Amino acid sequence: MAEWSFRRDAIAAFRFVRCGLDPATGEAELVYAFDDGPELVERVRFAGAPFVLEGAKAEAVQRALRLLHLVAGVSYYKAAVPAEIRIEGAPIDAATAGLLTALYENGLGEFAYRNGLSLRGRIAFPHGDAPPPAAPALGLEAHALTAIGGGKDSLVSIEALRAAGVAQTVAWIGGSQLIAACAARTGLPTLNVGRTLAPELFEYNRQGAWNGHIPVTAVNSAILVLAALLHGAGQVVFSNERSASYGSLIPGSGEVNHQWSKGWDFERAFGEHVAAHVAADLQYYSLLRPFSELAVARQFARTDRYDAHFSSCNRNFHILGERPTSRWCGQCPKCHFVFLALANFMPKPRLVAIFGRNLLDEPAQAPGFDALIEYRDHKPFECVGEARESRAAFAALAASPAWSEDALVARFAREIRPQLDADGLALAPLLDAGGEHRVPPALWERLRAAFAA
Ligand SMILES: CC(=O)N[C@H]1[C@@H](OP(=O)(O)OP(=O)(O)OC[C@H]2O[C@@H](n3ccc(=O)[nH]c3=O)[C@H](O)[C@@H]2O)O[C@H](CO)[C@@H](O)[C@@H]1O[C@H](C)C(=O)N[C@@H](C)C(=O)N[C@@H](CCC(=O)O)C(=O)O
Ligand SMILES: Nc1ncnc2c1ncn2[C@@H]1O[C@H](COP(=O)(O)OP(=O)(O)OP(=O)(O)O)[C@@H](O)[C@H]1O
């Protein structure tokens, strides 16, 4: 047989081959392939093995594993985006196929835009006619598995849950030392899940695979749903704020959301699916959904417990390549936005000590901050607040004696503010809680009080 080689445009089908979990070791394997090419095996390692899986719990674990297999396939599917998707083994149902189509189409929105591809209407998950199984309640514990990402958002959630008396374990995926240090700093029980992508993906990338952003929060969510079942925890808590539901407005292309799987549409669809078809008493929600990025920044600033440990700069989280020597690169959109947001709520010396520099007094950084306020550029493809939040943050700093003379704040006041509608620059309304969310009602009341000024 001739040796198979990856030729992106010659590939006809992406195959979901099989998935399995060994309860003795806690290792799951997720297997994919293109056409009759080699198997691509992603491995996810759940600490705490051996797991005793029997009866309804064993069935729920199988359903969660299958969901993870289908969700995590997005990393590999994107390499060739072939016309056909094949699911081997038992067919999936129409509801699951609908969830996956929405995830792949929207979660690969930035990928498609940057590569000049049109994926809408092209992605079809085949499904059978049988209705999806209704999930039973498993008697899971009132215990939260709280995702921790090393940045300010999850630390705000962790402290809010602690204050509300919710028992929790902080959980993260991957080998980041920075996240491990933040997790240790919480003083709470921790759970680290190992994840290794199929090595062939990197080889395919070298051979010209399509590449770009994937909805990684969806993958992390599916992993933690499975982890919660294995450990008997009844809640999986993320820290995706209201602002994550809004994308970048691209002239001619409409809205493209880098963080689609952090948005409300994904949270609602995925959370409802898990409760209906995986385990009826497993709650998946984002604690910060009712809050803006600015409201979260204000809450974060209320404690300095994590100042020497946290970072929101994504350059810390590459799988390949060099790690930065400093926790904050000081040049990327996340560094820009977090500095701008926190400047409104922290004493200046504290913020400058965290970053090691004052980004708002560096004239060369003007284009980066301009993109945040959608001035001469679109909002960056990154996890940053809405442009109106950044504009209001700048306007408030322009009125602050501590910041008003810094180069970029003075430039905003002089050149940009006169072109903006003054009514849209108020900070206070952006700090209000509101909008749809899935936070359990009793917790929501306590949370709203804690976030109030
Ligand atoms: C750390 C980072 O930002 N990575 C993005 C970057 O990837 P890069 O090639 O520079 O390096 P690696 O992260 O090491 O990835 C190597 C290759 O592996 C592919 N890959 C990685 C993880 C995965 O789950 N699946 C994969 O297929 C990746 O495509 C590389 O080829 O640029 C990539 C292309 O734009 C991004 O896809 C990488 O983003 C990671 C998936 C990632 O974990 N990023 C988070 C820090 C992130 O962006 N979080 C979002 C949440 C967005 C969401 O919708 O969930 C956020 O903070 O806004
Ligand atoms: N490696 C990871 N493992 C588990 N969850 C993660 C991981 N990385 C990010 N998350 C979770 O994904 C969500 C979005 O991540 P995001 O980077 O926005 O949050 P963060 O790191 O807490 O804060 P910041 O926005 O300041 O970076 C958060 O709930 C975060 O906990």
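These figures come from a predicted structure and were not determined experimentally. Whatever order the structure lists ligands and atoms in, that order sets their numbers, starting from 1.
Note: F238 and Y284 have tilted aromatic rings, judged against thresholds of 30 and 60 degrees for the angle between ring planes.
Considering backbone and side-chain N/O of E110, none are found under 3.5 Å from N/O of ligand 1. Below 3.5 Å of separation, one finds no N or O of K262 facing any N or O of ligand 1.
In the vicinity of F317, heavy-atom distances shorter than 4.0 Å reach the ligand 1 atoms 1 (C). Per-residue contacts place R195 under 4.0 angstrom from the following atoms of ligand 1 (heavy atoms of the residue considered): 23 (C), 24 (O). When each atom of ligand 1 is checked for a heavy atom of C383 under 4.0 Å away, the hits are 56 (C), 57 (O), 58 (O). In summary, the atoms of ligand 1 found under 4.0 Å from a heavy atom of H258, numbered by their order in the structure, are 48 (O), 50 (C), 52 (C), 53 (C), 54 (O), 56 (C), 58 (O). In the vicinity of N205, heavy-atom distances shorter than 4.0 Å reach the ligand 1 atoms 31 (O). Per-residue contacts place P215 under 4.0 angstrom from the following atoms of ligand 1 (heavy atoms of the residue considered): 54 (O), 55 (O). Per-residue contacts place S261 under 4.0 angstrom from the following atoms of ligand 1 (heavy atoms of the residue considered): 53 (C), 54 (O), 55 (O). Within ligand 1, counting atoms from 1 as listed, the ones closer than 4.0 Å to a heavy atom of F202 are 16 (C), 17 (C), 18 (O).
The closest approach between L201 and ligand 1 falls below 4.0 Å for a heavy atom of the residue.
Only the side chain of N211 comes within 4.0 Å of ligand 1, judged by heavy-atom distances.
Atom 49 (N) of ligand 1 has its nearest heavy-atom neighbour, among N220, D153, V216, in V216.
Inter-residue side-chain proximity for E203 and F6 is flagged as unmet; no heavy-atom pair is nearer than 4.5 Å.
Protein residues having a heavy atom under 4.0 Å from any atom of ligand 2 are A147, I148, G149, G150, G151, K152, D153, S154, A171, W172, I173, I179, N220, F238, S239, N240, K262, S312, K334, C383, listed by chain and number.
Closest non-hydrogen pair, Y76 versus E42, comes out as OH-OE1, 2.6 Å.
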